[in-house]
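Numbers here simply count residues along the sequence, with the first being 1. Note that the structure is a prediction, hence the values are computed from the model and not measured.
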Amino acid sequence: MLSDHPCKTLDIFDTQASYDAAIKENPDNRNTDFTGNRQKRGVATHSKFWASHRTLKIAFLEPPSHAHRQAAIAAIKQWQPSINLTLEFADDAEGDIRISMEAPLNYSAIGTDATLRGPSENTMNIGTDLTHPGFESAVLHEFGHALGMEHEHQHPKADIPWNKPFVYS
């Protein structure tokens, strides 16, 4: 996370609606017991994944400049080899993920929680300026949330020796 461009996730206050939306999108979200030999490298909310092999439509609200849009698309496409979704970029404002680009905040709904936002509401905001050296990493970070990923420190095995007085100050 960029210290001068903090990230937050959009809070969903109706946890039952969040669960229902996740199950409607992907019935496998009911099963949180994952087995197998795959080594997990990220932290994800397993109950908020998009359905496998679906097309995820991505739109931009209040369209940014062509350069801003293309830079965001280029960053988002870096996820493609690592996910089992097809990413489609809309020319209008209709999408499963709707991105605004208003400074200064970066935030996103977590996975299928995006379905709980109104069709004209953003599900993600990239507030980092296009000229900032951390623009690409901010887009990658927020799109990870849109896929269902959480912050690394939320991993149950993170074992981070927090200096709590310093953190709280």
Side-chain angles (χ1 to χ4, degrees), residues 1-12 18 21-22 24-26 28-29 34 38-155 158:
M1 176 171 54
L2 302 169
S3 60
D4 55 344
H5 296 284
C7 164
K8 67 175 190 154
T9 55
L10 292 174
D11 292 328
I12 300 301
S18 175
K24 181 180 177 186
E25 167 63 29
N26 181 1
D28 288 340
N29 282 330
F34 290 177
R38 183 175 170 271
Q39 184 178 10
K40 277 64 169 184
R41 291 178 293 272
V43 180
T45 303
H46 294 184
S47 63
K48 296 185 182 190
F49 288 153
W50 297 97
S52 295
H53 309 293
R54 78 163 344 254
T55 296
L56 198 59
K57 190 173 177 184
I58 303 154
F60 291 86
L61 302 178
E62 299 172 16
S65 70
H66 179 73
H68 210 165
R69 176 186 161 91
Q70 290 309 113
I73 289 172
I76 291 168
K77 283 183 175 180
Q78 292 181 45
W79 276 103
Q80 191 62 76
S82 303
I83 59 176
N84 60 1
L85 302 166
T86 300
L87 303 177
E88 177 183 300
F89 295 89
D91 290 327
D92 55 25
E94 293 183 23
D96 303 302
I97 296 174
R98 296 172 301 282
I99 303 171
S100 58
M101 295 183 140
E102 298 176 14
L105 296 177
N106 296 312
Y107 58 84
S108 180
I110 302 293
T112 57
D113 280 349
T115 64
L116 300 175
R117 309 268 298 167
S120 62
E121 292 181 286
N122 71 350
T123 63
M124 177 189 303
N125 188 69
I126 306 298
T128 303
D129 188 79
L130 176 60
T131 62
H132 190 284
F135 175 78
E136 181 179 87
S137 63
V139 175
L140 288 167
H141 179 103
E142 295 309 326
F143 201 78
H145 290 313
L147 294 172
M149 303 294 287
E150 296 279 1
H151 289 120
E152 295 84 352
H153 69 272
Q154 293 171 299
H155 193 285

Straight-line distance of [X] [atom1] to [Y] [atom2], nearest 0.5 Å:
{"X": "K48", "Y": "D113", "atom1": "NZ", "atom2": "CG", "value": "3.5 Å"}
{"X": "M101", "Y": "E62", "atom1": "CE", "atom2": "CD", "value": "12.5 Å"}
{"X": "I99", "Y": "I58", "atom1": "CD1", "atom2": "CD1", "value": "6.0 Å"}
{"X": "L85", "Y": "T55", "atom1": "CG", "atom2": "OG1", "value": "8.5 Å"}

Least distance between heavy atoms, [X] atom then [Y] atom:
{"X": "I126", "Y": "M124", "value": "CD1-SD, 3.8 Å"}
{"X": "A75", "Y": "E136", "value": "CB-CG, 3.9 Å"}
{"X": "K57", "Y": "A90", "value": "CE-CB, 3.4 Å"}
{"X": "A71", "Y": "L130", "value": "CB-CD1, 3.4 Å"}
{"X": "G127", "Y": "N106", "value": "N-OD1, 2.7 Å"}

Considering residues, nucleotides and ligands other than E121, do more than 12 of their heavy atoms fall under 6.0 Å from its CD? yes
CD (Q80) with more than 12 external heavy atoms under 6.0 Å: yes
Main-chain N/O of [Y] paired with [X] side-chain donor or acceptor, under 3.5 Å:
{"X": "R69", "Y": "H66", "result": "no"}
{"X": "W50", "Y": "A146", "result": "yes"}
{"X": "N122", "Y": "L61", "result": "no"}

Mind checking whether [X] and [Y] have side chains closer than 4.5 Å, heavy atoms only?
{"X": "L56", "Y": "L147", "result": "yes"}
{"X": "N26", "Y": "T112", "result": "no"}
{"X": "F49", "Y": "I83", "result": "no"}
{"X": "R54", "Y": "D96", "result": "yes"}
{"X": "F143", "Y": "Q78", "result": "no"}
{"X": "E142", "Y": "I97", "result": "no"}

With sequence neighbours left out, the residues meeting side-chain contact (heavy atoms from CB on, under 4.5 Å) with S52 are N84
Parallel under 30°, tilted from 30 to 60°, perpendicular over 60°: which one fits the rings of F135 and H68? tilted
